[in-house]
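Everything below concerns the one structure shown next.
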Amino acid sequence: MTSPDSGAGSAADLPDYAPIPRSALGPALNDQGYYVGRVERNLYYVTDGVYQSAFLTTPDGVVVFDAPPSIGHNLRRAVDQITAAEGVSNTVTHLVYSHHHADHGGAAFLFDGDVTRIGHEETRRLLLRDGDPARPVPEVTFADRYTLEVGGERVELAWHGPNHSPDNIYIHFPGHDTLMFIDVVNAGWVPIYNLNLSEDVIGYMGAPAIALSYPWTHFICGHLGRLATRDDVAVHQQYIADIEASSREALASVDPVPYYVAGGENFWAGVKGHLDAITERAAAPIIAKYTGVLAAADIEIFTTTTTFAIMQSLRLDRGPSGPVHP
Ligand SMILES: [Zn+2]
């Protein structure tokens, strides 16, 4: 994979990163490249080691939650494997989108026919905009809350504002002690670039507290191999809080004047020098603190880009962006 700072490097030139703690990895995959595990009772999750989806088996059929293309046909195999073992129907009757992104929903088209697709109203709007045949639009939508009842089971869908994406919802399984909430917390790992490629920084930063306000023991976070715990969410919150505090300190302490003087009439050169200096000062202690705590914390650009996004949001969303001219 190339990244903005990888230059002309090839895959063979990857730096010698810190080892990944065993606790950050999930169970071994089978020969077909997936693992399906029971979350609780008739709720299961499926992973390829990097992506996660989930399904609920009921006497009236199966409800699928997200269909990442990287899991693809293995999602059907996992459903068939479990429903055969349980002796229940393998017919997928419902598909729930967590949000509109193709990397979590791009295999939705595999579940066609008489399937009811459910998503936030913004998910429908964005999917209509994007026009991807792999992600058929949900015909059942909701604004704030939706209760899905299938085969005696209940699932509570809720939208609490934009975070990672404008439409990312909380999927609560009250009868399974489980919350599914995608692309904010990576269990045991740092977020990738820009807070996991998130659009609303303030919403992203507040989302873990909303997740923790639900009662649950098991957390399906959408990425990597294992389920998350409440402790995983707390460590993630601390990582983000540390970046926020570090960014505030750096914003207050880096003097912009020398950068603008050096930039001369190239004002953008001054901006770059100033903001890069703030970002570097803010990110360095975070990278040092979390290397060995969160997997891949030593891939510096992840924390650096996340720090840049938070630092900019502190300036632009929270304010002030700078002194008011006298
Ligand atoms: Zn996403």
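As the structure lists them, so they are numbered: ligands from 1, and atoms in each ligand from 1.
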> Under 6.0 Å from the CG atom of D114, do we count more than 12 heavy atoms belonging to anything else shown?
Replying inline: no

>> As a test of reading the structure, name the N/O/S atom of D183 that is nearest the Zn ion (ligand 1).
In response: OD2

>> For Y170, run the ring-ring contact (aromatic ring centres under 6.0 Å, His included) check against F181, W216, F219 and tell me which one passes.
In response: F181

> Nearest to the Zn ion (ligand 1), which N, O or S atom of H99 do we find?
Replying inline: NE2

>> Any N/O/S atom, side chain or main chain, of D103 closer to the Zn ion (ligand 1) than 2.8 Å?
In response: no

>> Take a 6.0 Å sphere around CD of E280 and say whether it holds more than 12 heavy atoms from other residues, nucleotides or ligands.
In response: no

> What's the atom name of the N, O or S in H101 nearest to the Zn ion (ligand 1)?
Replying inline: ND1

> Any idea which heavy atoms bring L29 and T47 closest together, and the distance?
Replying inline: CD2-O, 3.8 Å

